[in-house]
Amino acid sequence: MTNFALIADNGAFVEKNVDLESAALNIQGMTVSYGSEPAIYSVDFNVAKGTLTAIIGPNGAGKSTLLKAVMGIIPTVSGQVRFFRKPLSKMRHRISYVPQRASVDWDFPATVKDVVLMGLYPTIGFFKRARPVHLDHVHSCLRKVGMQDFSDRQIGQLSGGQQQRVFLARALVQNADVYLLDEPLAGVDAATETAIISVLKDLKKSEKTVIVVHHDLSTVKDYFDHVLFINKSPIAQGRTAKIFTEENLSITYGGQLSAAKSGLAGA
Amino acid sequence: MLWSALSLTLGYNATLVTLGATLLGIATGISGTFLYLRKNALISDAISHATLPGLGAAFLLMTGAGLDGRNLIGLLGGSAISAALGLMIVTWLTTKTRLSQDAAIGSVLSVFFAFGVVLLTVIQALPAGRQAGLETFLLGSTAGMLFNDAVLILVLGAITTSILVLFRRPIILVSFDSTYAQTLGISPQKTDYLVLAVALAVTVIGMKIAGLILIVALLIIAPVAARFWSEKSDTIILISAIFGGLSGYLGTAISATAPGLPTGPIIVLCSFVLFLVSFLLAPRRGVLAAARSFWVFQRTVHMTQGLLSIAQNQPIYEPKTKRILQRRGFIRADGVATQAGRALAAKTLLNERRWSFWRNKMQQTGDLDESIVYSLVSIETKLTHDQIESIDRGLSEEQQERV
């Protein structure tokens, strides 16, 4: 079964042939509202297994809202979400979510290790103690993000980029199949950006599915093989090579886009 | 007298009461910490004030039914019901209307308390009401406490404490990152209800000893004092439990030494003393530690500036800087740098270059933490290996461009 061509309201091109059987994530007709103001409207979105997808769109386009609704953090008005053809409630242990760094209070009394260990709570059991094997796993994930020397550091003492790495490590310990990240590269230093992207590419190599809310248009082509343009409703989705065009950018961003920002200027 | 109260040799009942108050302190210390970590400490104020109408109503109902109006289980049950009602109204106002939580708490607690005071006044006018002693619930008293009352407090305190200790991990997770907790399948709402229910239970249990007006202090002061001592949630919970227990124990013992001393206020004053000690003496977060760290900071500033001057072959003018460097053996009396001084100066200069490069980069992305004076700390303690490597690469590129 294949997904028939989805034509968004404005008639922009949407790539066909995302095989629904192999889709890691399938969203149909999702609408989310704050009060009676729609934040996203009628979103159809398919993500194939083993891809690295960017969700891009202007501020207030509903990128983060889409991820939150997919994770069941905020209620939807309508629509259906399937991970590998099953609802979230059956697939929770295979999905991992990284919230925006600014969404928590970093003065909270916890160490780096404590925070990463949170990702293992469902595995350990909420009422049991962490065993050495769990702590080893925490340390190996901290090593993946280059934070092995910081495991006993208080989280408030970390730089923004390091905080983001801790959040990524917490997602990694979950050993999920699908990773949803909300703006993981916002306001981080260059080394952290490189470290995070290399971890995400490794995940993709091992057939994991990664979906990232992204804001920096100049790096989309280098980092992601698939892209979703969204502005309340989906504008276009598919392979970056095909879909990441000047036309789609200008439909999505309207007048807000300067050529210099688009990453296509020199191309 | 104080000694026999402290050593629990003042008689069977007094011993039981002291133990009860200690356990109550532990329970408030623990449940208060969870409210504090969830940034929800003020809600305890609404809970405690909202108990009063229930207390009065329960007395009236029991007396009207021909029972003993002073039955503690009945009175606490009534208080719990009206406190739960108050809590529900606060939650409803906060989630369903545009009222902010502090405004909702303020209005609910004052209205419930006012209604309670009216009921209490009516009860005072009744023939059966004068000996009821309901007013002791306001400020707490252990004078007329019966054996059964003490056992009830003991048992309920133990149950509530164990519930919280058992559920501490999901509660801490929700307090730190409720969004993420939800993605792991934990309901923040249910977790909040659990914490509030336990806080409510503890408040109601503690009313008799500490008084409903002052029980709030126990729920808040012990956790805040404990926060000074640690950066780990589990440790803060433990310290808060110890502080709460100690306040309950000392307060009850002290108030037992004189018949007129009210228990609640003495317990609260004891916990305040613990707060004061923490505030002054705690390592790192305490006031004295802050003063000391300023002194260290000042010395480090002089050291760093002096060493940078050495590294760049500039003269050091400030006498204080000279004194500090000389005392540590980095310069000789004539101002010439020693071998050790030169070595450290080179390291300091590298540290300074790396930091200034990082600062420039971070300023561009707008993510610079202005609260840190970067040059004064070793970059290895703050950044990861790959971050430092990328800085070094950038520095050598800059150098090549200059050449």
Side-chain angles (χ1 to χ4, degrees), chain A residues 68 71-74 88-89 92-93 95-100 103-111 114-115 117-119 121-122 124-128 145-150 153-162 165 167 170-171 174 180 182 186-195 198, chain B residues 33 36-39 165-186 188 191 226-227 229-237 284-285 358 361-362 364-369 371-372 374 377 380-394:
Chain A
K68 284 188 186 149
M71 288 309 295
I73 296 161
I74 49 174
L88 175 70
S89 55
R92 224 177 253 294
H93 58 290
I95 321 294
S96 177
Y97 171 77
V98 179
Q100 281 184 19
S103 66
V104 305
D105 170 18
W106 289 92
D107 193 38
F108 194 86
T111 60
D114 294 338
V115 172
L117 206 51
M118 287 174 182
Y121 283 178
I124 302 172
F126 281 96
F127 309 114
K128 287 191 214 136
V145 298
M147 291 286 288
Q148 63 274 23
D149 299 338
F150 289 70
R153 201 65 68 88
Q154 209 274 320
I155 53 170
Q157 298 172 357
L158 304 177
S159 75
Q162 290 166 346
R165 292 181 196 218
F167 262 13
R170 184 178 68 175
Q174 284 180 258
L180 305 167
D182 198 349
V188 304
D189 57 287
T192 297
E193 181 158 334
T194 313
S198 115
Chain B
T33 308
Y36 168 71
L37 290 178
R38 187 75 170 118
K39 302 195 190 307
V165 170
L166 192 66
F167 280 92
R168 72 180 186 289
R169 225 181 273 152
I171 300 172
I172 289 172
L173 176 51
V174 167
S175 305
F176 172 60
D177 193 346
S178 63
T179 318
Y180 183 71
Q182 225 172 329
T183 69
L184 295 185
I186 302 164
T191 316
R227 182 70 180 91
W229 296 90
S230 174
E231 297 290 353
K232 290 191 74 115
S233 311
D234 283 358
T235 317
I236 293 174
I237 293 167
R284 283 223 287 278
R285 285 189 162 241
W358 167 265
K361 277 281 171 285
M362 292 318 281
Q364 284 164 21
T365 57
D367 195 46
L368 186 68
D369 185 352
S371 63
I372 305 172
Y374 288 99
V377 285
E380 278 97 357
T381 65
K382 288 280 173 193
L383 298 185
T384 58
H385 293 310
D386 60 328
Q387 282 175 321
I388 296 173
E389 271 166 32
S390 102
I391 291 171
D392 286 346
R393 264 197 310 279

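Letters A, B, ... mirror the listed sequences (proteins, then strands); counts begin at 1.
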What I'd like to find out is whether the side chain of [X] reaches to under 4.5 Å of the side chain of [Y], using heavy atoms alone.
| X | Y | value |
| --- | --- | --- |
| A:P99 | B:D177 | yes |
| B:S233 | A:F108 | yes |
| B:S178 | B:R38 | yes |

Name the option with the most non-hydrogen atom pairs under 4.5 Å to chain A; the candidates are [options].
| options | answer |
| --- | --- |
| B:L184, B:I388, B:V165 | B:L184 |
| B:E389, B:H385, B:Q387 | B:Q387 |
| B:I236, B:I391, B:L383 | B:L383 |
| B:D234, B:T381, B:T235 | B:T381 |

The interface call for B:R227 against chain A, heavy-atom contacts under 4.5 Å, is side chain

Chain B interface, residue from [options] that has the most non-hydrogen pairs under 4.5 Å:
| options | result |
| --- | --- |
| A:Q148, A:M147, A:K128 | A:K128 |
| A:R92, A:R170, A:R153 | A:R170 |
| A:V115, A:I155, A:T111, A:D107 | A:D107 |

Residue part contacting chain B, namely of [X], when any heavy atom lies under 4.5 Å:
| X | value |
| --- | --- |
| A:D105 | both |
| A:I74 | neither |
| A:F150 | side chain |
| A:I124 | side chain |

A:A171 meets the side chain to side chain contact (heavy atoms under 4.5 Å, CB included) criterion, sequence neighbours left out, with A:S96, A:V98, A:Y179

### Task
Could you tell me whether a side-chain N or O of B:Q182 sits under 3.5 Å from a main-chain N or O of A:M71, the two making a donor and an acceptor?
no

For A:E193, the salt bridge (Lys or Arg N to Asp or Glu O under 4.0 Å) test, sequence neighbours excluded, returns none

Please work out which of the three classes, parallel, tilted or perpendicular, describes the rings of A:F167 and A:W106, given edges at 30° and 60°. tilted

- Query: Can A:D149 and A:R165 be counted as an ion pair, charged N to O under 4.0 angstrom?
  - Reply: no

